[in-house]
Amino acid sequence: MPFSFPPSIEPFVLPALYIVILVAVFPLIAGYIVLLERKVMADIQVRLGPMRVGPHGLLQPIADAVKLLIKEDIIPAKADRMVFWLAPVISVVTALVALSLVPFSKYFFVADTNVGLLFLLSITSVGILGIILGGWSSNSHYPLLGALRSTAQLVSYEVALGFALIGGLMVAGTLSMQQMVHAQLEQQMWFIFYQPVAFVIYFIAALAETNRTPFDMPEAESEIVAGYHTEYSGFRFALYFLAEYANMVVVSSIAVTLFLGGWLRPFPNVRLLDFLNYAPILAMFVLAFFVFLGASRERRPIDKMGLAGLGAVCALIGLLFLVPAVLDWVQGLFWFVLKVFLVLYTFIWIRFTVPRYRYDQLMRIGWRWLIPLAMANVIVTAIVMILF
Amino acid sequence: MIETSPTSTFLDANELVINMGPQHPSTHGVLRVILKLDGEKILGTECVIGYLHRGVEKIAENRTYMQFAPYVDRMDYVAAVSNGLGYCEAVEKLMAIEVPPRAKYVRTVLTELNRITSHLLWLGTHALDIGAITPLFYCFREREEILKIFENYCGARLTTHAFRIGGLQYETYNGFEEQVRAVCDTFPGRLDEYEMLLTNNRIWLERTKSVGILKADEAIDFGVTGPVLRASGVKWDIRKAMPYAAYEEMDFDIPTGENGDTYDRYLVRMEEMRQSLRIARQGVDRLPAGPIIGKVPKVIKPPVGEVYHSIEAPKGELGYYIVSDGSTQPYRVRVRPPSFVNLQALDRMVRGLLIADVVAVIGTIDIVLGEVDR
Amino acid sequence: MPESILNGLFFYVLAVVILGGAIMTITRRNAVHSAIWLVVTLMGVAGLYLHLNAEFLAAVQILVYIGGIMVLFLFVIMLVNLDEAAKQRQFNRQWSLALICTLVVLVEFGFFLMRGAGSFAFAEPGQGALKPNTELMAVALFQDYLLPFEIASLLLLVAILGAVLMAKKEI
């Protein structure tokens, strides 16, 4: 390298770069998760979903973002202006900070501290403040009710979530997110097989923590309009939205890291399956193939060109992956993102299949079932670990 | 209306008074419910209606009998066919016009199909209120098939104005019977599909069982009719009790519930859709030939007198009370809308429950504000 | 850049944040604003822990105090009638007595600070930059001081039961 950083700064350069990438790229990814959600929803509900902006609605997230950004900024007359301004910022900052602790791959992570998971939990727990303050500062009844609901919900499900994670942590023996993945590599087993109960509890609690159906009480639109962000519009609303999807990604990432083998490919120790290492290349080419197929079916020339261009980009990326060094770097990221998206897909799937619980029922499930079950799981795990 | 007492200190948590509606997503239109809450618990409610008041009954006094017929479609706009049937039959009763059998059968078939569309809309929105988003789209898919029959028959999908005083305006179109049979064939499978999504769904059960209980005697006291009454265990259906149109010759059951809770009302309506299919199929199978309109004078001028005629609309008893002074315009028309009467039971049903139950109960009463406010 | 200056800088910035937050907490009229400033103070304390390489403690500080206790504080504040509280007088009028007490305490502090000036230094961070102090903490709590730990938790349990008993209208 012709140019190198002084040693005192050097360890901060790569993380800083990653932070910039995350902060810059994540809103875009969140936008496309929304598109994915709408497309999956449409598929479940026998319709097409967004189709107008760009081929197959591919530019819809950008149109949505632009719309939100240029909307009039409304602050209710009797709102607490400072707190109203602060609340979405708290939400989005905590959500993005939490992303910094996620190990996307062996190489791609911002920080790996030895209390990683604990720190992640504590950061997300601060995010609750954004919801409460947002609901309170609007000075309106529905947001206040939403805020009260979410506070009670998040605080109680955090307990179950924590206990479920402890089950996984006992097997992993570390709080560091990277070490967890390595532990699964060494023990040659994804922890979901050691801790199925913990995973189920974690998954349910995660649904509640991210306010997803069937636990979307804080923003149940048919009951309390939009819950804590009823009075928010435009950019501030976009911030809440972004925080919500960032939180979804974070909880899915924790699930993937602790229970589903993180950035490891399936069966990393089986030599016979080494060909799976080339899956990213294959995936890109298959993607390119389908995009080209779609392009040939488009009627409008601009859509045709757009899709063809996208296909070409996919094919080029596939070609780039043929370089061993690039493939090695992308390998873990590919599997990690794939797993995270599978978890996200499950979230979405559940959302459009089941009705919503009532507030008191939600509490009952949390306190009467999940927490005792999670505690029992921890105790049983401890006993088994001591005996064997 | 509700004030905090002057002696309250800052540690007294206020009773919260919130407005649900008129622009609330799940009050099914422009109903406004003032809720008095302790936390999320309902201490009391007060319905404010009239946001959709158009003075339909007053309009009737300034229109001829024929001219008024399209207006009734705009009351319960999701069951326009039923509204039209009730009005036409009331005027026919007043003038003692005999309706030919073919017209009666077509009326019965269309009304029952309309009952299904109304129940489908109820099911979709009710499930949506409780948080299940997807059934709505399935319901609209099936509703579309039935609306196509209406469109083919009379050119309109929603406010159909399908019937005329004395019979029908139009003969059925080619393929009417086949299209109705096709709906009768496919629809039971679709109903099973909805039931698969909801009936045994744990969350659905928890949200609807023992929610908004209305006991049989209370229901009678409130004057509640239709599926809400039948779910409380009262077997009262005007189609059987005071048969009109061609219902006397039809073979169908009246489903009833036991507990009078939201879940029972759901089951009753689901079963009613099946029974409606039975009636519709019998109707097209036995469709007699003959004229479609009876002997109706050119100018409709009923004799002096008054008449009350009620039918079983999808939402309950829909009654028309018409007073004639012998002119071409009614002296007074009074409509007994089922939604308006059923809505009175809301307060009884939601007291002591939570906000989430209010939307469930409003959904289960199945109101249409066009009818409540008229 | 010398490490010690950086350390000192961190310390003083955090100290200003903590003290400033604390002052703002007690002077705000609006209880929610007070709570927000208290959050800032607690964040500063967590920063101090982090500064001393006690990252476990820092994480727990945020998790328990901000994520748990402050959230519940806000929950309660939102439930009570704030308008009544805002009308009440925030400070009492016994300025003179308060001033005397504060002066006495200040003099006391000043005296001891002068006497023991030599022993005040920045606490040394724990040995080894990122030693896993989670384990150390666990060993301390669950092995070395198991009995006191259990007694403390029992005390807390009793307190919780008492609170529930007092809050419940009928048992």
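Just so it is clear: chains get the letters A, B, ... in the order the sequence lines come, proteins before strands, and each one is counted from 1.
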Query raised in the report: With a 4.5 Å limit on heavy-atom distance, are the side chains of I132(A) and F75(C) in contact?
Result: no

Report task. Check each atom of V64(C) against the heavy atoms of chain A and say whether the ones under 4.5 Å are side chain, backbone, both or neither. Result -> neither

Query raised in the report: Heavy atoms, side chains only, cut-off 4.5 Å: are V32(C) and W136(A) in contact?
Result: yes

Requested in this report: Below 4.5 Å from any heavy atom of chain C, which atoms of L86(A) appear? Answer side chain, backbone, both or neither.
Outcome: side chain

**Report entry** Crowding at CZ, F149(C) (>12 non-hydrogen neighbours, <6.0 Å)
**Finding:** yes

Query raised in the report: Which atom names give the shortest non-hydrogen contact between A59(C) and S122(A), and what distance separates them?
Result: O-CB, 3.4 Å

Query raised in the report: Under 6.0 Å from the CZ atom of F10(C), do we count more than 12 heavy atoms belonging to anything else shown?
Result: no

Query - Gap separating the CD1 atom of I62(C) from the OG1 atom of T94(A), nearest 0.5 angstrom - result: 11.0 Å

Requested in this report: Look up atom CD1 in I131(A) and atom CG in L74(C), then write down how far apart they are to the nearest 0.5 Å.
Outcome: 12.5 Å

Query raised in the report: Between I128(A) and chain C, which part of the residue has a heavy atom less than 4.5 Å away: side chain, backbone, both or neither?
Result: side chain

Query raised in the report: Side chain, backbone, both or neither: which part of L133(A) has a heavy atom under 4.5 Å from chain C?
Result: side chain

Query raised in the report: Is the number of heavy atoms from other residues, nucleotides or ligands under 6.0 Å of Y240(A) OH greater than 12?
Result: yes

Query raised in the report: Quick one: does L129(A)'s side chain get under 4.5 Å of I66(C)'s, heavy atoms only?
Result: yes

Query raised in the report: If you tally heavy-atom pairs under 4.5 Å against chain A, which of M70(C), Q61(C), H33(C) wins?
Result: H33(C)

Query raised in the report: Can you find a heavy atom in the side chain of I36(C) that is under 4.5 Å from one in the side chain of M82(A)?
Result: no

Query raised in the report: For S125(A) and G67(C), which heavy atoms make the closest approach, and how far apart are they?
Result: OG-CA, 3.3 Å

